[in-house]
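Notes for the one structure printed next.
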Amino acid sequence: MSNRITSQIPPKGIRFAPSPTGTFHIGNLRTAVVSYYWSTHLSTPWVVRFDDIDRPRVLEKADEAQLRDLQSLGMKPAIIQYQSKFIHRHREIFQEALRTGQAYPCICSRKEVQADLGKFASAPQSSKPDPKSFVIDAPVYSGHCRNAPVSAEHAGAIAWRFRSPRSDLGHKDFVIGRTTNISDMESFQPSYHFASAVDDYDGGFVLLVRAWDLGPATFPQRDLMTWLQTRAQIRHGIPQVFHAALVTAEDGTRLEKRTQGVTLAEIQSQGKTLEAIRRKLEMSFNPVVGYEEGGKDWMGEARQTIRVSELGL
Ligand SMILES: [Zn+2]
């Protein structure tokens, strides 16, 4: 890349990236509190980016309601972004990945991928995955189509995978998006992990804060960002990632839209003030893992999950 003019921009900002698909639950708000803590602690702008490209799931005005919740807890973003504004950039990067052979078509069904990974997990040298722990470097793919090219005659929808430089077997080759068939590149729809990685890189952030359930996406996304660094005219550093504990229901399952009593309004209606809620959320977070500039690629709370009742609300 010696013929490219590159300049290094000092990273700044910490991004919190909610999906505007409904009302925040207390787990989303806790992650927001943790990311706000780091922005204050590091004196860098707090950026809220609404990840709104999953159109069928996006709810009208959910972004406004989420912003109101954040502000009622005293968190005001310095910058607000919408991922849908960057869709041209996702397409451009996809085209570049095709041109350079970094993306390849995959026709494996979700079921086949799961079955292959199951075999991988039960291999003698690896231990059984614990469903309650989010193994950060978990394999995402068997590499089947990387080694057996898909015919140009293939009919039907295609998933496109990013060729990870770190594995000959393709274990980290994650889906970056889909097209309706193998030749219609205009129909490209980016995947959540791909769009996030592109925007996280372009944003030049110093730190990304998200919950531990996204841990397995960290390394594949960093592979993509490392490749972006070699393509970009303006070169950013790759943001570090801080994983906050995932707040779960009492039985350890994820909080869902139908989970009762976990929105800000519901908790307030049980007689808690906004100040008390904010204080409890802050008290539940102990940044035992300190941030270190240029230090670890990823870090996080010692606990990967925390039950709602443990928040003391
Ligand atoms: Zn495949």
Side-chain angles (χ1 to χ4, degrees), residues 19 51 53-57 83 87 89-131 133-201 213-231:
S19 299
D51 284 354
I53 54 167
D54 192 357
R55 279 294 163 193
R57 291 183 60 235
Q83 188 162 54
I87 194 90
R89 178 73 176 145
H90 306 145
R91 296 230 156 99
E92 184 184 290
I93 300 294
F94 170 60
Q95 294 290 349
E96 179 81 353
L98 284 180
R99 258 198 307 279
T100 55
Q102 277 300 136
Y104 66 89
C106 168
I107 52 170
C108 300
S109 68
R110 213 172 279 266
K111 224 172 156 182
E112 285 165 336
V113 171
Q114 286 307 323
D116 279 351
L117 289 180
K119 274 183 238 157
F120 181 77
S122 58
Q125 71 273 22
S126 57
S127 55
K128 270 234 158 69
D130 173 359
S133 111
F134 309 101
V135 183
I136 192 123
D137 206 11
V140 293
Y141 185 51
S142 67
H144 177 267
C145 300
R146 169 189 259 227
N147 305 316
V150 175
S151 157
E153 307 300 312
H154 178 79
I158 294 280
W160 296 86
R161 290 185 183 272
F162 183 79
R163 202 178 287 277
S164 161
R166 295 187 309 118
S167 168
D168 293 340
L169 297 169
H171 290 149
K172 301 290 174 276
D173 293 356
F174 74 119
V175 172
I176 61 174
R178 293 168 198 278
T179 56
T180 50
N181 62 58
I182 198 160
S183 54
D184 182 12
M185 299 308 152
E186 294 302 305
S187 64
F188 179 72
Q189 289 299 323
S191 73
Y192 171 76
H193 290 318
F194 172 69
S196 290
V198 170
D199 300 339
D200 288 342
Y201 177 79
D213 58 329
L214 286 171
T218 296
F219 280 117
Q221 288 184 318
R222 289 184 69 84
D223 287 341
L224 184 101
M225 292 192 221
T226 304
W227 174 73
L228 283 177
Q229 260 187 332
T230 70
R231 319 302 308 168

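First listed ligand is number 1; within each ligand, the first listed atom is number 1.
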Tyr141 and side chain to side chain contact (heavy atoms under 4.5 Å, CB included): which partner among Asp116, Val113, Val175?
Val113
Are any non-hydrogen side-chain atoms of Pro190 and Ile53 less than 4.5 angstrom apart?
yes
Protein N, O or S atoms under 2.8 Å from the Zn ion (ligand 1)
4
Distance in Å, Ile107 CD1 paired with His144 NE2, rounded so as to fall on 0.5 Å steps:
7.5 Å
Look up atom CZ in Phe188 and atom CD1 in Ile176, then write down how far apart they are to the nearest 0.5 Å.
5.0 Å
What's the separation between atom CG in Asp223 and atom OG1 in Thr218, rounded to the nearest 0.5 Å?
11.0 Å
Measure the shortest side-chain to side-chain distance between Trp160 and Phe194 over non-hydrogen atoms and say whether it is less than 4.5 angstrom.
no
